[in-house]
Each structure stands twice: as C-alpha cells, then as structure tokens.
Amino acid sequence: MALGDLMASRLVHSSSSPSPSTAAPTAPLPNHHHNHVTDDLPVANGPEPRNGLEPAEVEKPAPVVYLPQVVVLCEQRHEGIDEAAAAAAGPSTSGLVSKWRPKDRMKTGCVALVLCLNISVDPPDVIKISPCARMECWIDPFSMAPPKALENIGKTLHSQYERWQPKARYKLQLDPTVEEVKKLCNTCRKYARSERVLFHYNGHGVPKPTTNGEIWVFNKSYTQYIPLPITDLDSWLKTPSIYVFDCSAAGIIVKAFLERLDWSSSSSSSSQKDCILLAACEAHQTLPQSAEFPADVFTACLTTPIKMALHWFCKRSLLRGSMDHSLIDQIPGRQNDRKTLLGELNWIFTAITDTIAWNVLPHDLFQRLFRQDLLVASLFRNFLLAERIMRSANCSPISYPLLPPTHQHHMWDAWDMAAEICLSKLPQLIADPNAEFQPSPFFTEQLTAFEVWLDHGSEDKKPPEQLPIVLQVLLSQSHRFRALVLLGRFLDMGPWAVDLALSVGIFPYVLKLLQTSAMELRQILVFIWTKILSLDKSCQVDLVKDGGHAYFIRFLDSLDAYPEQRAMAAFVLAVIVDGHRKGQEACIHACLIDVCLRHLQPENPHDGQTEPLLLQWLCLCLGKLWEDFPEAQLLGLQSNAPEILIYLLSEPQPEVRASAVFALGNLLDMGSTSSNGVDDDSDDDEKVKAEINVIRSLLQVSSDGSPLVRCEVAIALTRFASGHNKHLKSVAAEYWKPQTNSLLKSLPSLANISSPNNIYSPNNIRQGSSGLASHIGPVLRVGSDSSATGRDGRVSTSSPIATSSIMHGSPQSDDSSQHSDSGILLRENASNGGLSYTRSRPVDSVIYSQYISTMCSVAKDPYPRIATIGRRALSLIGVEQVVMKNSRFNSGGAHQGETSVPPSNFGMARSSSWFDMNSGNFSIAFRTPPVSPPQHDYLTGLRRVCSMEFKSYPMNSPEGLADPLLSSAATPSNAELSILPQSTIYNWSCGHFARPLLTGSDDNEEAHARREEREQIALDCIAKCQRSSCKMTSQIASWDTRFDSGTKAALLLPFSPIVIAADENEQIRVWNYDDALPVNSFQNHKLSDRGLSKLLLINELDESLLLAASSDGNVRIWKNFTQKGGQKLVTAFSSVQGHRAAGRSIVIDWQQQSGCLYASGDMSSILVWDLDKEQLLSTIQSSADSAISALSASQVRSGHFAAGFADGSVRIFDVRSPDRLIYLARPHAPRTEKVVGIGFQPGFDPYKIVSASQAGDIQFLDVRRAAEPYLTIEAHRGSLTALAVHRHAPVVASGSAKQMIKVFSLEGEQLTIIRYQPSFMGQRIGSVNCLSFHPYKSLLAAGAGDNALVSIYAEENYK
C-alpha cells in the first residue's frame, strides 16, 4: 500500500474536529436517518396562511422513536486548556529528549601503531606448538627477510586501520625503545590536541606484561627487554584515548589501568578519564596458537572483520570440503559499494553487529561507544566478532567499559546465513566477472520481521530488535521507501518510539534525506519529521543549519499533497521558528509568510471547506513566526495579514478560530508604544493603526462560544494592554481624576431628566445625538451601569461604541450592543469642571474605552482561567475590580414573584487592593435608580455617585466604603509586566501530532458497543412506558437536598438510578435514589452572582454531560459529575452574550440531533448556539413585544423549537426557514399571564404542543389545524408554576404554588393528584418549583421550593 494511501485512509479520520455526521458511531437502527417521515412534512395551501407546518391530510403516524446520533463536546479541546497540560503536550527541549543526542561528537585524530615482533626470536615465556599460528596482518613473517617482513607488516596494519579512519594521522614504531615510544606518544597528543588518540600495541615478540602492569619494549641493541609502565604510557598519551593490546595476558594491563583510574579519580576532583581499552584476552590466558587462526587473530578481527569472519565460518560450515579458501581473498567489489558482494557483506555485518550492541548494551553506553566516534564504533562492532571467534578458541577478549557477553546472540545466525549465501555464489562470480549481482534477501527479511512486530508490538512489549537494521536500510535506495513507511508507523506508536528511534541514531539519516528530491519520499519524510519534532524541539537548530526548512516550505506550497500532510509541514515549520530567531529569519527569507497567507485564502470562494487542521497550523505557524520579532510583524502587517486572518475568526472549528486569534495577537508588538512613549514616526503611526484594527476585530470575538478561543483573545488583549500601557492608563486614569462639584453646576439642569422630550432620554443617549450627551457621560456613571433605565427598572448594561466618551445602552439597543456589564464611561481631558475636546489620537480613545469595557466582561468570564487573565489585563492598566459581596436587594421594578439580585458588575477602583463594598450598608441608590423617580431623588442619587467617585481624600462614610478610590499604587511593576499569561493553543495543538495519527483508537469500538447497548435499553423502556397506565401514584424516593433556598431544578439520568438537583445558589447535588445515598456535590461556580435557570443532559446515549444554565445566561457544562469530586468543566460560555437579559430570566433548551442550544429571556431575540462548532449559529428575532418565558426544542425535527411568551402567546420557529417564524397561536387568550411551561411533541406526537400559563390552564394545540386549542385543562387556579411533558409516554404533569402536582393523559384525563408525601414524614411538599420526567421510563421527579425536598414518583408496580 503506497504511503499516500495509507496516510490518506488513516489520517482522514484524525482531523481536528469531525463533522456531526462522523462524530458518533451510527447505530444500526432502522429509523435513525434525519429524513424520516416526520422530518419534512408537505405543506398544503390551508386556510391558515401563518402556519408553515400544515400538511395535506395524512394519517397520524405511530410515534416513531428517534435516537439522535449527534455527539458534541467530546473533542480533545474539552479535556481542559490549562497552561501546565498544554506545556506538557508541546515539544520539549529536555527530559526524555535530551538523552539521544551524542553528548559531543568526537574524532580520533591520531593513531600510534607500536609493533614489538622481533621476528625469528621467540620471547622466553612462550613455548610454541608446531604447526602454530604465524600470520601477522595476513603476512607470513618467515616468507621474507625479517626486516622486510617487519616493514611490510607495519605498512599493512597502517592500511588496514586507514580503511576505518582515512583522515587520521598515522605514526608507526617497529620494535621500538622506551624513548621512541615516549616521543611517539607526545607527538601524537600534540597533533591530536583534544581529539582522541588510538594506541595499538602488538606484543607478540616480547614477554607477557608484568603483574605490576608493565609492557615490554626493547633496548637499542635488542639485547634486552625493557619494561614500560602503563602509568608512563597514560601520562604521555593523556585523554581522550583508546588502547588496543594484542598480546597474551593482556587482561593484566586492563587491571592496572583500572587501578590507576580508581586512584586518579579518588585523588583528584577531575572527571572520569575518557579512556577506552580493548584487550585480546584475560590476565591468565595466552593467545590461540592453532594454525587455523592468524597469530594476530585479535587485530585481524578488529581491522579485517569480513575476511576473518569468512575464514572462520568456512572452516565450520558444510562448504569446508568443497570451498577453496583462497577465493575468500578474491571476493569482488569494494567495501563501501553496497551493490557489490564485498560491500553488501560489509553492510550486513555492520547492521548485525549494530543490532546486537543496541539490543544488549545500556542505551547511554551504546551512544558512547557506537555513535560518538566513527573509529571507536567500528572497532567495537569488530570487537563483538573477536569475542565470538576467540571464545571458540577458549580466549575471552575484554574491554573497558565492560560489555556483556554477545557471542551467542541469535543475530549471529543471520550473519552465518548471509555468509553462507555469499560463499556459495563466490565461485560462480569469480568465474564470470560480468554475471549479474543478486542482492541478499537479508534486509527484505529483516524489514518483514519489523513489520510483524509493528502489527503486534506495543510500548509494554520488548522493543523491536530490527530497529538498527531499519536504520541501515535507509542507506539503500531500493529498500528506502518501505523502510521509511515502516519507520513512520513505528514512530506513530508514541513518544517512547520516537525516543528509541532517535537513540538508535536515525536523526542524521533523515536529516540527510531532506536533500533528496525524490517525490515519493516527501509525504513520509514530512510525517517522520512531524513525529520527531513533536517530541524534541531542539532539532530546529539542525534543520535550519542544513537548510531543511526550505524542504518543508516547498511541500507546504505544493497542492498535490493531502491537506493533513501539508498541515504537518506547517507544524514542522512552526517548531522550526518557535523561539528560534535564526529559524524565523531563515523562514522569512524563504517567503514563508506569503506561502501561509496564500493558502489561508480560498482559491475560489465557492470551493469546499479547507481542511481545518491545515488552516489551524498555517495560523499557528504565522503566529510563531511573528512572535517577539518586530521585523516579521511589520512584514505581516504590510502583507495584509490581519485582513486574511480576521476572515478566519468565523470559521466553524474552534481550533482554527483560536489559532487565528493567536496569529493576530502575535502581530501586536508589545514594546511598540510603551518604549517610545509618543510615536511621531509615520511608520509607527501606520503600525499603530493596523494594531488598533486588529484589536477591534479581537474585541468582537471576545464572546466566542469556545473557551479555547476566548482564552486566546484574552491573552492577545493582555499583550495589547502591555504594549499600549501608557495610552490605556491615561484613558482609564483620566476618568478617575478628582472632580469638584462645579462639574455638576456646569451641566445643564438635571431637574427635568425624566421629561419625555429631554435630550437625556434613553433614546438620545443611545444615539449619542447631542454634544451634551458627552458632557453628562462622566456624571451618569451609576455604580456600574449606564444611564438608560431598563424596562424592569434596572439599569441597562452598556457598551462604549457609540461615541468617544459615552456608551449607549437602552431597551431598544439590547440586540445590537455588545454585552458588557462593566459600564465604564471614559472621558477626555477635563479641566476645572469644563470639558475640552482635545484628542491626540482620534482612533484610540474609542477603542481604548471599548477595550476596557470588554476586559471587564472578560474578567467575569464563566471559564475560570479566562476570568483570571481578564483581571490580570485590567491590573496592568491600573484598574482593579470592585467586588460586591453576595447580598440580596429588592428593586422596585423587578418581575413579580422574583427576588432580584444586583448585577455582578465590577465598578472600577484605581487601587492596587481589592475594593470591597460592605454588603449590608451599600445603598441601592448607587446602583439602580427607581423606575419613575421623583426628580429630586434622582439628582441626589447622582450627587452621591459623584461625591463617592470623585473625591480624592479617604472617606469612611456610612455607605461602607472601605478604601479611598484613588491610590498611587496602581502602576504595575516591571515584574508584573514580564509575567504576562502565556498562550496555550500552540503547545496544546502540538499534542495532536504526538498522539497516534495512523491508527483508529480502540475506544471508539468500546463507545460503539456501549451506545448500542444503551439504545437497546432505551427502546425497551420506551416501548414499556408507551403501554403503561402512567399513573404516578407511588412515591419511590424522597430526598432532603438540604438546599438553603429550595430546589430550583431536578433531572433524572436515563441509564442509572440517579437524580441531580440544584438550588438558586447554584449548588449541584447528585443522589442515587435506589440506594438513597449522596453521590457527589459541587458548586457550579464561585462567583458572587448566583441564580440557576435549568439543568439539561447532553449526549444522553453516550458519555453524558451536565449542562447547568445560570440565570444570567452563563452556561457551564460538566463531565464526570457522578464521580465524587471528579467533576470537570468541559466548556463554559455566556449564552446571551451581546444581549442584555434583564430580569435574569434566561430560558434555555437543548436539541441533541441538531447539536443546537436555544437561549432567550427578557429580550427580543432567541440565540441559537451550535455546540459542535461552539459558535453562535444565528440570532432569531422573536417579533413579539413581550419576553420569552418558556422554550422547548423539538425532539423530532432538527432546527424546530417552540417558544412561550410572557403575554401568553406561543410561536414555533424553524431555524432553516427564511422567515424563521412558522406558527403563531394565542391559546391562553383572553388571559395574558405568561407561559410557564411549553412542551413540543408530547408522547412523541410530531404535531402537538402543550402550553401552560401562570393562570393555571394547560392548552393542547395541533399545529396542523387552526391556532385554537383542541383541548383545555384548567389544572390549577392562578398558581401554575411548573409543567413537564414526557418525551415518549402520553402524559403531562403540572405543579402549583399550592403544594400540588397533577398528572394528565394527552386526552385530558386526570390520572393522579399528589397533595403531600404520605409514605414519608407526612409533611406537605411545598410550592412545586420543578418537575421532570425520566426520558424513557414512567418516573417523575418533583422539587419543592421551600423545604428543599426532591420526590420521585412512579407507577404502582414499579420495580
């Protein structure tokens, strides 16, 4: 299978955000398609033109069970985005990664060869057998005159060593004296400087070393043997050095060396000496004398391994009779040409010895001996052969560092086989030199073995021993592609696999391969580099040094590669430029900015969606390229980057949006304005304009649905606060300057503020239509809300967009104004009570005031980390929040029956301490003027505000102000500036490439099986409850939740006997009603502003999530909520962001099959959120004059939902239809009490609606017929508080404030009435706050308002 196909088939599933259709395993249900019978009803031209739902006469279908397939909020991003986790996901520069790099490459620069042969004179302590081993360097010394023989042997040894290290300098001493050896050693060290020196000693013509650790040389006249202490040798050669001792009892020398090393390391503080020893045998052994070996068998193994190995093997194999040994010397080819027999043998030998060493040695020792120095590596490979051959002659070569025994390793069998195949071909190849060379099957077989390991291996199993062979195979063009694909599969198994491959030495090979132009290798090389860099960022230096970045830029720019693979190239480039100035400069010269920007724009606007992973990484790559690099930022601004990136802020994938924000944030130069103070440079002026433009677009996405995106926005805005610190501070400080009361006097009379044609009426203020509006701006700063009074008697929230110094906010503006509870009014330069209009920068002050306002919203974000960043940004510009403690007030205009809580708005205090308002004493006059105030009252309210805000001396007034508002300690210190919050999107996104990309995870199968099982349970339960009587007569459980403020919401889980309840203080408790045991309890949030609207279950057939909607419109979604203390926030956002939800009466509902969340409240529109994209899908105008009081999403039709209004009307909307509204009825007329509950499709009947009003009547509508109800139930007189409609069973339940629950059938028959709790303590259940049916069973949970009980009712025969 070609790699492209392999990657395409596997990578296509690993894109960053699957579409809803692939998000869930599709269950094998006959009816799970979106387009079944009830989805698109034909529309007839009936008499009711308002009604888009009216079909032709159709028989009523039997209720079809619909189990939605959509699963949301289960992406990687929902695991959490804290800095620590993100940092761990990103590529590292330490830890696991640092060990694979050779500490420092070394070279053996000089080789000293000392031969003490004294040919024809045997040393006195050796008794030779006959015939005995004679050959030295494959030369028979007795075949010529001794001096000639000695010279030839010396030259041959020199040439044998030279093959392994051609660039070293060689010095030869034949039968030397002590002085000559000393001079040789000193010369070598002098020449080698800090490089390694090799000292080779052949002592076959002198006695064995002495027990004191001395070797023998000669006197000048060759009449005596002179001892040479090893200590002297060591002091002349110094380190680093490597010694080869080829003589009998060589172990004595090793022992003497080790003693010296111990002694020197204990006596001096210097580090362990870099000294390596290879000795031919142990202290008690003599060299083999058998004639089948050369006399210098150890040297032969070390310097001519192939020849030695074949000679030795030939005598032991079946070929020994038929084979002419002299042919071995005639093997055709060159050792370094792998396409010849000799070259291939050498290649196989290298691969096998490397493999044995890698599998047997500890990794750090393998690195030191086999990867640091080419000559040392060759000698040690050959040393493994020497051990094998010499042990067969009862001689054990030894080394320091000591190696474990390897002579019986099973890879030697593979070598024997390769040798045998070679020898069998040899006679034929020599006879016919032109015969075609057939390569050995060795490498193909080893790759197959590696492939088998890949199919079955894992991190817990023994690592694949073929890894070093795979490395060797990369050298061959014929095997290279297969080897790279297998290597890619191996690296994909995880960071441990990448680390293993790097420790084998793969790095220089894949670095070199970037210089090839082979097209077929591009994809796999990019994949391999992705895997390497996802583990180890430090490779960025090597890539830039070798010009490797150009390879990836070309690949990124090529349109014939899969987008996922181009995303990998973008990732590699992002790592190359990450915090690496040389990399940034190199990539800018290679036009990376243009390449990225070109691919971020669709070639053709009508083309399909670009792969999100590619967009994400193009943005991250640009962000990293610009990070802390002003020249690059300037280039980006000149290349029109902001415009291209701003276009991506509305992409469906949160990861893409967050990455675009990251890139935009890095275009802001943090040092630009703060270092220069005032910029007069025109270049800088352009730059500041561009930056302001970027900020303007970022302020608009500060209310995105995904915390991932908002977090990046908050970080980018904090960078802006740091870069534009002085301007922002002056805008903020300007506003807090002490003012005299003359300011009030200089304003037009405030006495007639409430007269209708006054310019200060809400309308005019909103439009900023009068110059006077900006005069009054600073005065009308009422605590934390702007001047326009909301329709429920509260001050509306505001946003500083209309004019430079006042923010609009009025009942009519709630849909257009950006949501910001901050209410900061920013004023220009004021002097002595008069206002002057001098402005240095027209652009800035508006954007700065918008900025401060937005940051105050960010500081109250429902996602804790984002709120912390917002507070940090505000403190940078000298603004601290005024925190209001949780206390309750009643404001005149609140909706009846509703306790009103002050908005949790931060007032502003320019102080370095938190500014606490004592809850009890703080007069409401500061916060919320009454609805229709007497003139005098309003004026004093304002005066008190002014006196509070603008005095500069400490006030200990009865209002309970704790601190002076103005304090000089507001300027942040440099230390504060340096610890700006760090962006997490880059490191977090890197984690994607560290995870397996080529294999589907097994979790999917488990989830699939669990889902199928749950679907079956659901279908069985539904069938049962549809047949049941639904008389909820028996109370099966009662739970005292111990809530202080009564139960506000209750929810039954579908597949476990668990009920969840929450109170007005947003305390959530989980209880098992079978065992009557508490399961978990947690707080929805820790903010002071509390109030719960609804609990909903998301993904009920899969890993369920709990949605808790607060009454301020904030939505928080939790997972693991049934584990004690294990709950984790998946996401949080404000569902009515940008809209003022007065009266804190948010209504919300969730539609699983479309993945949509519908939210509305006391406002003129309904917001539709797509939770898969975490994005506002659309804003639907409700076209009604009153607020929405109930919402119910269709469980059958995607995109349909019903809304009940405060005036008693009911409307159905279809998100997909152009005019949105498809049905309107006023079932409760002539009464106009608000709709308390609405049920869409009771008992799964697609055409029915149930609506219950506060007056106590329940109306049943059929959407196919007229807008008149076909059935009315007068359930409770004037006190209906709750309605529940069973999704599948034909039953509805209602609750009243008069401690009563009634259950009705869909025909209007009263099935049950529950007045109190007879089975428990006999007390009445209290006002019914919430009712909730089990999704699939006949179970009803009821929560009471005053005594915090939750009761569960079932049928008589419930088991």
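Please read all numbers here as calculations on a predicted model, not as lab measurements.
The backbone N or O of Pro495 sits nowhere less than 3.5 Å from a side-chain atom of Asp499 that would complete a donor-acceptor pair. At least one donor-acceptor pair under 3.5 Å links the side chain of Lys531 to the backbone N or O of Phe993. Listed for the Trp164 side chain is a donor-acceptor partner under 3.5 Å among the backbone atoms of Thr303. A donor-acceptor contact shorter than 3.5 Å is absent between the side chain of Glu344 and the backbone of Pro439. Asp432 places no side-chain N or O within donor-acceptor distance of the main-chain N or O of Gln428, the cut-off being under 3.5 Å. Judged by distance alone, the side chain of Arg338 and the main-chain N or O of Leu475 form a donor-acceptor pair under 3.5 Å.
Using modelled atom types and a 3.5 Å distance limit, the side chains of Thr304 and Trp138 yield a donor-acceptor pair. Between the side chains of His479 and Gln472, no donor-acceptor pair of N or O atoms lies under 3.5 Å. Side-chain N/O atoms of Thr406 and Glu387 include a donor and acceptor closer than 3.5 Å. With no hydrogens or angles considered, no side-chain donor-acceptor pair links Arg388 and His409 at under 3.5 Å.
Proximity of Arg381 to Ile356: side-chain heavy atoms (C-beta onward) are nowhere separated by under 4.5 Å. Between Trp412 and Leu385, the closest side-chain pair of non-hydrogen atoms falls below 4.5 Å.
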- Item | CA sep, side-chain torsions, deciding dist, call: Leu573, Lys624, side-chain contact (heavy atoms from CB on, under 4.5 Å) | CA-CA 9 Å; Leu573 289 161; Lys624 280 292 172 189; over 6 Å; no

- Task: Mind running side-chain hydrogen bond (donor to acceptor under 3.5 Å, both in side chains) on Ser989 and Glu655 for me, showing each step along the way?
- Result: CA-CA 8 Å; Ser989 301; Glu655 291 89 347; over 6 Å; no

- Task: Would you check, one step at a time, whether the test ring pair (Phe, Tyr, Trp, His ring centres under 6.0 Å) holds for Phe507 with Trp529?
- Result: CA-CA 10 Å; Phe507 185 75; Trp529 273 104; 5.5 Å; yes

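More than 12 heavy-atom neighbours from other residues, nucleotides or ligands sit within 6.0 angstrom of CD on Gln515. Sparse packing is recorded around CE of Met417, with 12 or fewer heavy atoms of other residues, nucleotides or ligands lying under 6.0 Å away. The number of heavy atoms from other shown groups lying within 6.0 Å of CG (Leu365) is above 12. By the 6.0 Å contact criterion, NZ on Lys315 is enclosed, its count of non-hydrogen atoms from other residues, nucleotides or ligands being greater than 12. Around CD of Gln477, the count of heavy atoms belonging to other residues, nucleotides or ligands within 6.0 Å does not exceed 12.
Taking the ring centroids of Phe370 and Trp358, they lie at or beyond the 6.0 Å cut-off. Taking the six-membered ring for Trp, Phe552 and Trp617 have ring centres at least 6.0 Å apart. Taking the six-membered ring for Trp and the full ring otherwise, the centers of Phe443 and Trp347 sit less than 6.0 Å from each other.
Using a 4.0 Å cut-off between charged side-chain N and carboxylate O, Arg522 and Asp560 make a salt bridge. For the pair Lys107 and Asp373, the salt-bridge criterion is not met [side-chain N within less than 4.0 Å of a carboxylate O]. Salt-bridge annotation for Arg482 and Glu451: present, with a side-chain N of the basic residue lying under 4.0 Å from a carboxylate O of the acidic one. The pair Asp364-Arg371 fails the salt-bridge criterion, with no side-chain N (NZ, NE, NH1 or NH2) lying under 4.0 Å from an Asp/Glu carboxylate O.
Arg163 is linked by a salt bridge (Lys or Arg N to Asp or Glu O under 4.0 Å) to nothing, counting only residues two or more places apart in sequence or in another chain.
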